[in-house]
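Written out below as structure tokens is the structure these notes cover.
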Amino acid sequence: MNQDYIKPNAWSILEEGFDAAQVKSSESLFSIGNGAMGQRANFEEKYSGDTFQGSYIAGVYYPDKTRVGWWKNGYPEYFAKVLNAPNWIGINVKINEEDLDLNQCKSVSKFTRELNMKEGWLSRSFEAELQNGIKIKVNTKRFLSLELDEVGAISYNVTPLNSSAKIRFTPYLDAGITNEDTNWDDQFWDVLNVVQNNQQSFIEARTMKTNFHTCTFMQSRLFIEDKEILTDCNNQNSDKFASCSYQQTINQKQTFTIHKFGGYVVDRNHDKNELIAAAKDVLDKAVSFGFDALLEMQKQSWAQIWHMSDITIEGDVKAQQGIRFNIFQLNQTYLGTDAKLNIGPKGFTGEKYGGSTYWDTEAYCIPFYMATKDQSVARTLLEYRYEHLDKAIENAEKLGFTNGAALYPMVTMNGEECHNEWEITFEEIHRNGAIAFAIYNYHRFTNDYSYIPEKGLEVLIAIARFWHQRVNFSTDKNKFVMLGVTGPNEYENNVNNNWYTNYIAKWCIEYALENIETVKIEHISDYMRIKGKVKFTDEELNSWKNVADNMYFPYSEKHDVFLQQDGFLDKELITVADLDQSQRPINQNWSWDRILRSPYIKQADTLQGFYMFEDHFSEEQLTKHFDFYEPFTVHESSLSPCVHSIQAAKLDRMEQAYTFYLRTSRLDLDDYNHEVEEGLHITSMAGTWMSIVEGFGGMRIKNNMLSFAPKIPKQWKSYSFKVNFRNQIIKVSVSHKGTYFEVESNSDINILVNGEITKVSPNNLQTA
């Protein structure tokens with residue numbers, strides 16, 4: 001834990017007291033989004049202190065040309081960057097002609113900030129004394145509408161406390177923005193048009209290179225003491241800027257309020273030649289509803305989301321706050337309404353990782369969306385990869401692979417690889433396995449097989465072809481080996497025979513072969529279509545099987561464990577417990593050379609395989625591998641604590657499982673990794689959900705049935721969650737007295753509870 005200023009609260013993220021040193025961290029923690037756009041919690045008014053400005057539009061990116069010391073054949077030409085979009089939230093405030101700027105005020109008191117997760121809004125309040133002696137009280141509230149997802153709304157009010165004052169609100173649009181993260185300091189936006197029409201302002205802009213056309217817009221309403229006033233605005237604009245100024249003399253203890261409506265329309269959803277008209281339509285609708293009505297709609301939309309996705313924890317408010325924060329941010333980032341979108345590791349909270357798609361989606365996010373939404377949302381995420389299959393084949397061709405072999409990108413916006421670290425881009429190839437595993441996981445959970453003959457089998461075949469070509473036969477070992485790879489543990493690069501990579505490659509081949517046979521028998525027309533399209537032969541399939549049957553796996557007789565890679569035991573095996581804490585985190589204190597030679601593991605690697613393929617191994621094997629590898633794990637990846645929490649719970653090590661859960665759920669709130677100001681860890685937040693549902697709840701699919709083995713940390717009185725399993729919603733409530741099941745449907749469902757079949761009926765609480 002590296003910070004502790006967020007106040008514990010079951011439904012809100014709360015900050016009390018203004019501290020300039022916390023501004024950038026809070027900008028991340030209080031971020032808001034609605035799936036279509038998002039923004040860091042920057043102040044609306046001017047702020048001259050250290051800040052990280054960030055507003056982002058889903059799916060809008062820039063191909064920032066790769067910057068390396070020397071070029072390697074096959075190197076990606078660019079790294080995709082989510083763009084800091086034109087700023088629409090700004091409202092300059094002057095009090096008797098002095099700027100309101102919290103970094104310049106004589107004093108700031110009673111400062112509070114709240115992110116209300118239950119209702120989906122961000123608020124701020126404070127009192128300040130300006131250099132001119134005027135004391136004011138400020139209250140703000142803003143949200144990004146889920147109902148009208150191109151619109152956000154702000155309520156900003158100022159009350160003079162010690163005298164009357166001239167107050168000027170100047171809401172503005174600013175397209176003269178830059179990214180914090182850029183390789184060459186390129187200009188990302190080309191402003192095409194600035195238009196003002198009385199109360200409405202519009203800036204049309206397009207991204208350089210990718211040519212996304214956008215229109216940023218705004219309109220305001222003014223109130224004194226909650227009574228709307230009609231007043232002209234003083235419009236001003238330049239080639240990248242538009243503003244409207246409103247000034248009123250406000251009596252002492254009167255309140256002057258501006259309601260600002262703004263947002264973006266994009267040519268992904270509208271004709272690029274009609275963007276101003278589209279923006280005007282959405283503005284007219286938002287303004288006609290008004291701030292209060294839009295806010296009420298926001299509350300109702302979030303109530304529907306929480307009805308299904310909430311996890312309750314009784315007796316541990318920090319744990320409760322943590323899980324709701326994670327669930328809230330996941331739903332702010334992705335709602336499954338647009339098949340062309342995916343989930344970036346930072347969501348809309350920062351620029352690191354480029355806002356791109358990683359294997360995190362398939363390994364961590366799909367289980368969350370599959371169980372808390374309609375299954376069509378998870379299927380949409382699978383289809384995203386199917387739509388990029390041709391690009392994945394092109395990616396493999398650039399590396400010399402043939403015959404339709406596919407290598408899915410480590411990082412992508414449009415299916416093309418755009419990651420610019422060689423040892424990750426071309427060696428961390430296990431991501432192919434996560435794509436295939438997600439297809440298996442979807443079918444296992446939903447029982448919807450239709451995706452495989454329709455689309456999924458083509459993906460599985462292309463991935464199997466890649467693995468078949470990626471191995472080579474070792475005459476020394478008389479086995480197929482995998483050379484020069486990076487496993488999930490990125491603190492080992494360019495190793496031979498990473499166990500997890502070899503294991504998932506074998507599984508992918510076997511799973512592809514299994515489904516070819518199933519489709520051949522049960523979906524003959526699809527089988528003939530696919531065979532005609534990808535042109536596999538029996539000889540090719542037999543060659544795949546030979547590889548799967550003869551894959552090499554490094555193993556230690558002495559320790560009776562699979563080795564993470566060849567040569568792991570050659571390292572100086574000093575556990576994390578014996579590592580000087582002043583050296584942590586090692587990725588911020590050690591050279592990369594030292595890290596690569598160390599035994600330290602960034603995140604679950606061999607144990608990632610034991611998590612995904614738990615049924616392939618005995619509990620005794622899991623125990624041995626957990627006891628061997630966890631002591632070397634520094635958990636410096638956000639994806640690490642959740643897997644270890646699930647496995648610790650499986651082994652009935654509840655104190656350890658709870659510690660890992662608390663770390664994953666409060667990773668950002670408590671800033672474990674000294675980096676929250678860069679943005680939040682969105683995709684790992686799905687792992688937090690898994691820690692409770694799969695870890696403490698013990699949820700699995702066994703014998704084609706939903707199965708639970710519930711356990712509860714001693715720190716909690718109870719917890720509950722819901723899962724949507726094959727269109728039946730099951731609520732699970734666990735306390736120290738027992739476990740209770742309810743089903744929200746019209747039919748019974750049989751589930752396994754600690755290995756015993758239990759029938760759960762509608763309107764009947766079942767105890768187990």
(message) If I compare all heavy atoms of Ile6 with all of Arg666, which pair ends up nearest, and what's the gap?
(response) O-NH2, 4.5 Å
(request) Compare every heavy atom of Pro63 with every heavy atom of Met208, then report the nearest pair and how far apart it is. (result) O-CD, 4.4 Å
(message) Testing the 3.5 Å rule here: is there a donor-acceptor pair between the side chains of Asn157 and Thr255?
(response) no
(request) Report the relative orientation of the aromatic rings in Phe368 and Trp689; use parallel for angles under 30°, tilted for 30 to 60°, perpendicular for over 60°. (result) perpendicular
(message) For the residue pair Ser245 / Asn234, report whether a side-chain donor-acceptor contact shorter than 3.5 Å exists.
(response) no
(request) Taking side-chain contact (heavy atoms from CB on, under 4.5 Å) as the test, write out the residues that go with Val138, two or more places apart. (result) Leu100, Phe126, Ile136, Thr140, Tyr156, Val158
(request) Sort out for me which residue in Phe291, Trp302, Phe261, Trp121 forms a ring pair (Phe, Tyr, Trp, His ring centres under 6.0 Å) with Phe143. (result) Phe291
(message) Checking side-chain polar atoms at under 3.5 Å, does Gln252 have a donor or acceptor matched by the opposite partner on Ser163?
(response) no
(message) Before you tell me yes or no, could you show the steps for Phe256 and Ile250 under side-chain contact (heavy atoms from CB on, under 4.5 Å), namely the whole-Å CA-CA distance, both residues' side-chain angles and the distance that decides it to 0.1 Å?
(response) CA-CA 7 Å; Phe256 187 27; Ile250 305 299; 3.7 Å; yes
(message) Taking the basic N atoms (NZ, or NE/NH1/NH2) and the acidic carboxylate oxygens, is any pair closer than 4.0 Å for Arg324 and Asp310?
(response) yes
(request) Can you measure from CD (Glu97) to NZ (Lys94) and round to the nearest 0.5 angstrom? (result) 6.0 Å
(request) Using a strict 4.0 Å threshold on nitrogen-to-oxygen distance, state whether Asp338 and Arg268 make a salt bridge. (result) yes
(message) The criterion is salt bridge (charged side-chain N to carboxylate O under 4.0 Å, His left out); which residues satisfy it with Lys272, sequence neighbours excluded?
(response) none
(request) Could you point out which residue of Phe188, Tyr56, Trp189 forms a ring pair (Phe, Tyr, Trp, His ring centres under 6.0 Å) with Tyr62? (result) Phe188
(message) Check whether Phe30 forms a cation-pi arrangement with Arg113 (NZ or CZ under 6.0 Å from the six-membered ring centre, at most 45° off the ring normal).
(response) yes
(message) Over 60° means perpendicular and under 30° means parallel, so tell me whether Phe18 and Tyr47 are parallel, tilted or perpendicular.
(response) perpendicular
(message) Salt bridge or not between Asp99 and Lys46? Use side-chain N to carboxylate O under 4.0 Å.
(response) yes
Result block: side-chain N/O donor-acceptor pairs under 3.5 angstrom for residues 209-218, not counting sequence neighbours:
from   : atom 1 : to     : atom 2 : distance (Å)
Thr210 : OG1    : Tyr61  : O      : 2.8
Thr210 : OG1    : Thr207 : OG1    : 2.7
Thr214 : OG1    : Ala205 : O      : 3.3

(request) Please lay out, stage by stage, how Tyr5 and Glu15 fare under the test side-chain contact (heavy atoms from CB on, under 4.5 Å). (result) CA-CA 7 Å; Tyr5 71 87; Glu15 177 183 9; 3.8 Å; yes
(request) Would you mind checking if Arg221 and Glu228 are paired as a salt bridge, meaning a charged N to carboxylate O distance below 4.0 Å? (result) yes
(message) Please determine whether side-chain contact (heavy atoms from CB on, under 4.5 Å) holds for the pair Phe241 and Val194, giving the CA-CA distance in whole Å, both sets of side-chain angles, and the decisive distance to 0.1 Å.
(response) CA-CA 7 Å; Phe241 186 88; Val194 178; over 6 Å; no
(request) Classify the side-chain pair Gln3/Tyr672 by whether it contains a donor and acceptor separated by less than 3.5 Å. (result) no
(request) State whether Glu44 and Lys260 are salt-bridged, where the test is any N-O pair (Lys NZ or Arg NE/NH1/NH2 against Asp/Glu carboxylate O) under 4.0 Å. (result) no
(request) Identify whether the distance between the nearest side-chain nitrogen and carboxylate oxygen of Lys166 and Glu98 falls below 4.0 Å. (result) no
(message) Quick check: closest heavy atoms across Ala279 and Val282, and the distance to 0.1 Å?
(response) O-CG1, 3.2 Å
(message) Quick one: does any side-chain atom of Asp267 pair with a main-chain N or O of His270 as donor and acceptor, under 3.5 Å?
(response) no
(message) Checking Ser48 against Asn103: is there a side-chain donor and acceptor pair closer than 3.5 Å?
(response) yes
(message) With rounding to the nearest 0.5 angstrom, report the CG to CZ distance, Asn193 to Arg206.
(response) 12.0 Å
(message) Is it true that Ser243 and Thr170 share a donor-acceptor pair across their side chains at a distance under 3.5 Å?
(response) no
(request) Report yes or no: is the cationic atom of Lys118 (NZ for Lys, CZ for Arg) under 6.0 Å from the centre of the six-membered ring of Phe328, at an angle within 45° of the ring normal? (result) no
(request) Identify whether the distance between the nearest side-chain nitrogen and carboxylate oxygen of Lys280 and Asp284 falls below 4.0 Å. (result) yes
(message) Checking side-chain polar atoms at under 3.5 Å, does Thr688 have a donor or acceptor matched by the opposite partner on Ser665?
(response) no
(message) Ignoring hydrogens, what is the shortest heavy-atom contact between Gln104 and Gln131? Give both atom names and the distance.
(response) O-NE2, 2.8 Å
(request) Locate the shortest heavy-atom distance separating Thr51 from Asn42; write the atom from each residue and the value. (result) OG1-ND2, 3.6 Å
(request) Please report the closest heavy-atom contact between Arg40 and Arg142, naming both atoms and the distance. (result) O-NH2, 3.2 Å
(request) In sequence, state the C-alpha distance, the side-chain angles, and the governing distance for Val411 and Thr357, and then conclude on side-chain contact (heavy atoms from CB on, under 4.5 Å). (result) CA-CA 6 Å; Val411 175; Thr357 302; over 6 Å; no
(request) Considering only NZ, NE, NH1 and NH2 on the basic side and carboxylate oxygens on the acidic side, decide whether Glu127 and Lys110 come within less than 4.0 Å. (result) yes
